[in-house]
S.K.: 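My questions will all concern the structure given below.
Just so it is clear, the model here is predicted, and its values are computed rather than measured. Just the heavy atoms: all of them, side chains too, but no hydrogens, waters or symmetry mates, feed the values below.
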Amino acid sequence: MPVPNSKSINLLPKSVRKLLNWLQFWRGLGMLFLALCVCMLLMPLRLTGLAIGDIAPNWLLIWLVSFSLNRPVVVATIMGMAIGLVHDALTIPQELTASVPSHVWGMVLISGLTALLQKQRYLREDFISVALIVFGMTVIAETAIAIQWSFLSFTGKYDLGQIWTQQQRIALVSALVSGLWAPVLHFPLTRLRIPQLDNRP
Amino acid sequence: MEAVRRWWDRYAGQLLIALVALILAIAFRYSNGSLWLEVYQFLSRPWQSPASQQLLLEEAKVRELRYRIQELEMQNSQLRQMLSLPFTLSTQSTWAQIIGRSADAWWQQVIISKGSRDGITAGAIATGAGGLVGRISDTSPHSSRVLLISDPSSSVGVVVSRSRALGILRGQAQGVGVLEFLDRDPDAKVGDIIATSSFSSLYPEGLPVGRIRSINLNHQPAPEAVVEFSAPIPALEFVKVYARPQ
């Protein structure tokens, strides 16, 4: 459905305007949800060209960063918590739930940071900065996981040295592929942004 | 107060959406992503194919049989002294196609195209051409997730086929595992074949696992060996799932 420009909207009766707004709102929300579903289904795929050495882009993280840009910190962190839980559900074996790292901490941290970053206007919203933000945030998220594994290594089951060698590999490669693929998801999503969900005056 | 009210007017909608998302995510977390497994399985259906006989002709299968024969011969001589085996591989088995990999680089998992409707339960054993691959960790009606033996959180009680030296094999996330011997001075050398031991509570005895690639007897606190898995895990397309050992 083409979105009428603001001038022509003002000419319409109030009830029709309300309906249009309402439609736009649900379309935007629907697209966000649809994009999230696509991201979840992309997670277990290792397509040639998409993954480097068995490490694929972290699509959920890209979605979260894209959502958190330009949003209040509270909203972003709640969504971070939700995405962290979703990522846990996709990876953690049921029998190990209580004894392995959760994605929630990392996701809450990066969504909050992303929301703050934009507020301070350190970075503009363009092709390069989105890729850079995702690169940095992936490193932070993977490090948060590695720190949790390090605490678990005191139980003697995991090897501290191995965790950090793995952290270097995972954080770097994952940040690289996620950063490269971030604009692919981010730009369609920003195009579909809707006034009511957005923080524009 | 006015500022709070203005913030509320502006962001109440977003806050509500985020809270609804959080509630949905909690429900999703409790279901351990089984809806996601189902949808993923359904969408990948066009790329799935039934297991073929040709699979049995693969080179890795021959290697598995060779390992298994050597293991059985050793076991046979030991059996005379034993009263009974703790448990053996179930006779019920099914082939399943690998349709996805782990959703996170920290975990070594695969997603397969059979689930609880096909009789698969958590704890079932997955083997592939070449030997042991992993165990089923989660199931949904038509799909399940396998925690691979190459995952750092998986540990398998193993035995050196030739000398019966016992150890615990842990994944290293990169196609090799580290075998920590229980004995101070184990009788093991490069090239020895490793199989699951009768002391393993999660795996049946005598499944081929891999081969010792290098060994470090001076490692503290226990001697260690690097083991390469006999199943070519990154290249596998099918796994055979055996019902959970009783």
S.K.: Using non-hydrogen atoms and a 4.5 Å limit, figure out which bit of A:Val100 sits close to chain B: side chain, backbone, both or neither.
M.R.: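 It is the side chain, since no backbone atom gets that close.
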
S.K.: Any idea which heavy atoms bring A:Pro93 and B:Asn32 closest together, and the distance?
M.R.: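 A:Pro93 and B:Asn32 have their closest heavy atoms at C-ND2, 4.3 Å.
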
S.K.: Counting only non-hydrogen atoms closer than 4.5 Å, does B:Leu147 touch chain A with its backbone (N, CA, C, O), its side chain (CB onward), both, or neither?
M.R.: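 Side chain only.
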
S.K.: For the residue pair A:Leu85 and B:Ile26, establish whether any side-chain heavy-atom pair is separated by less than 4.5 Å.
M.R.: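 Yes; the side chains approach each other to less than 4.5 Å.
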
S.K.: Under 4.5 Å heavy-atom distance to chain B, tell me which part of A:Leu96 shows up: side chain, backbone, both or neither.
M.R.: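 The side chain, not the backbone.
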
S.K.: Considering only heavy atoms from C-beta outward, does the side chain of B:Asp138 approach that of A:Glu95 to under 4.5 Å?
M.R.: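 No, every pair of side-chain atoms sits at 4.5 Å or beyond.
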
S.K.: A:Ala76 versus chain B, heavy atoms under 4.5 Å apart: side chain, backbone, both or neither?
M.R.: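 Neither the backbone nor the side chain of A:Ala76 comes within 4.5 Å of chain B.
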
S.K.: With chain B, which of A:Met81, A:Met43, A:Gln94 has the greatest number of heavy-atom pairs at distances under 4.5 Å?
M.R.: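 When all of A:Met81, A:Met43, A:Gln94 are compared, A:Gln94 has the most.
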
S.K.: What is the minimum heavy-atom distance between A:Met40 and B:Phe28, and which atoms define it?
M.R.: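 Scanning both residues, the minimum pair turns out to be CE-CZ, 3.4 Å.
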
S.K.: With chain B, which of A:Gly80, A:Ala146, A:Cys37 has the greatest number of heavy-atom pairs at distances under 4.5 Å?
M.R.: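 Highest number of pairs under 4.5 Å: A:Ala146.
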
S.K.: Hey, which of A:Ser99, A:Ala89, A:Ala82, A:Gly84 has the most heavy atom pairs under 4.5 Å with chain B?
M.R.: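 It is A:Ala89.
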
S.K.: Using a 4.5 angstrom heavy-atom cutoff, name the option from B:Trp107, B:Tyr30, B:Trp106 with the most pairs to chain A.
M.R.: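 Sorted descending by pairs with chain A, the first entry is B:Trp106.
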
S.K.: By a 4.5 Å heavy-atom criterion (distance strictly below it), what part of A:Ile92 contacts chain B: side chain, backbone, both, or neither?
M.R.: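 For A:Ile92, the contact with chain B is made by backbone and side chain together.
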
S.K.: Which of the residues B:Ser31, B:Ser34, B:Ser102 is involved in the greatest number of heavy-atom pairs with chain A at under 4.5 angstrom?
M.R.: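 Answer, by heavy-atom pair count under 4.5 Å with chain A: B:Ser102.
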
S.K.: Should we say atom CH2 of A:Trp164 is surrounded by more than 12 heavy atoms from elsewhere, each under 6.0 Å from it?
M.R.: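 Yes, enclosed.
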
S.K.: List the atom of B:Ala25, the atom of A:Val86, and the distance in Å for their closest heavy-atom pair.
M.R.: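 Minimum heavy-atom contact is CB-CG2, 4.0 Å.
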
S.K.: Looking only at heavy atoms, which two atoms of A:Gln166 and B:Ala105 are closest? And how far apart?
M.R.: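 Looking at all heavy atoms of both residues, the shortest contact is NE2-O, 4.2 Å.
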
S.K.: Please look at A:Trp149 and chain B and tell me whether the side chain, the backbone, both or neither of the residue comes under 4.5 angstrom of a heavy atom of that chain.
M.R.: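 Contact with chain B: side chain only.
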
S.K.: What is the minimum heavy-atom distance between B:Ile17 and A:Phe25, and which atoms define it?
M.R.: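 In this case the closest contact between B:Ile17 and A:Phe25 is CD1-CZ, 3.7 Å.
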
S.K.: Using atom types as modelled and distance alone, determine if a side-chain donor or acceptor of A:His87 lies under 3.5 Å from a backbone N or O of B:Ala103.
M.R.: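 Yes; at least one donor-acceptor contact below 3.5 Å.
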
S.K.: Under 4.5 Å from any heavy atom of chain B, what part of A:Thr91 do you find: side chain, backbone, both or neither?
M.R.: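 Its backbone and side chain both get close to chain B.
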
S.K.: Measure B:Leu22 against the heavy atoms of chain A and call it side chain, backbone, both or neither at under 4.5 Å.
M.R.: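 The answer is both parts of B:Leu22.
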
S.K.: Tell me, side chain or backbone of B:Ile23 under 4.5 Å from chain A's heavy atoms, or both, or neither?
M.R.: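 Neither part; nothing is under 4.5 Å.
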
S.K.: Out of A:Ile170, A:Ile78, A:Leu90, A:Val75, which one racks up the most heavy-atom pairs below 4.5 Å with chain B?
M.R.: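 Answer, by heavy-atom pair count under 4.5 Å with chain B: A:Leu90.
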
S.K.: Against chain A, label B:Arg101 side chain, backbone, both or neither, depending on which of its atoms sit under 4.5 Å from a heavy atom there.
M.R.: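 It is both, since atoms from each part get that close.
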
S.K.: Does CG belonging to B:Asp9 count more than 12 external heavy atoms closer than 6.0 Å?
M.R.: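 Enclosed.
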
S.K.: So which atom in B:Pro152 and which in A:Gln162 form the shortest heavy-atom distance, rounded to 0.1 Å?
M.R.: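 So the two residues come closest at CG-NE2, 4.2 Å.
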
S.K.: For chain A, find which of B:Ser153, B:Gly33, B:Pro234 contributes the most heavy-atom pairs closer than 4.5 angstrom.
M.R.: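 Highest number of pairs under 4.5 Å: B:Ser153.
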
S.K.: Decide yes or no for A:Pro44 and B:Trp36: does some side-chain heavy atom of the first lie under 4.5 Å from some side-chain heavy atom of the second?
M.R.: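 Answer yes - side chains close enough.
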
S.K.: For A:Ile55, which atoms come within 4.5 Å of any heavy atom of chain B: side chain, backbone, both, or neither?
M.R.: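 Side chain only.
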
S.K.: Tell me, for B:Ser44 versus chain A, whether the close heavy atoms (under 4.5 Å) come from the side chain, the backbone, both or neither.
M.R.: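 Looking at B:Ser44, nothing touches chain A.
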
S.K.: What part of A:Asn58 lies closer than 4.5 angstrom to a heavy atom of chain B: side chain, backbone, both or neither?
M.R.: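 Looking at A:Asn58, nothing touches chain B.
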
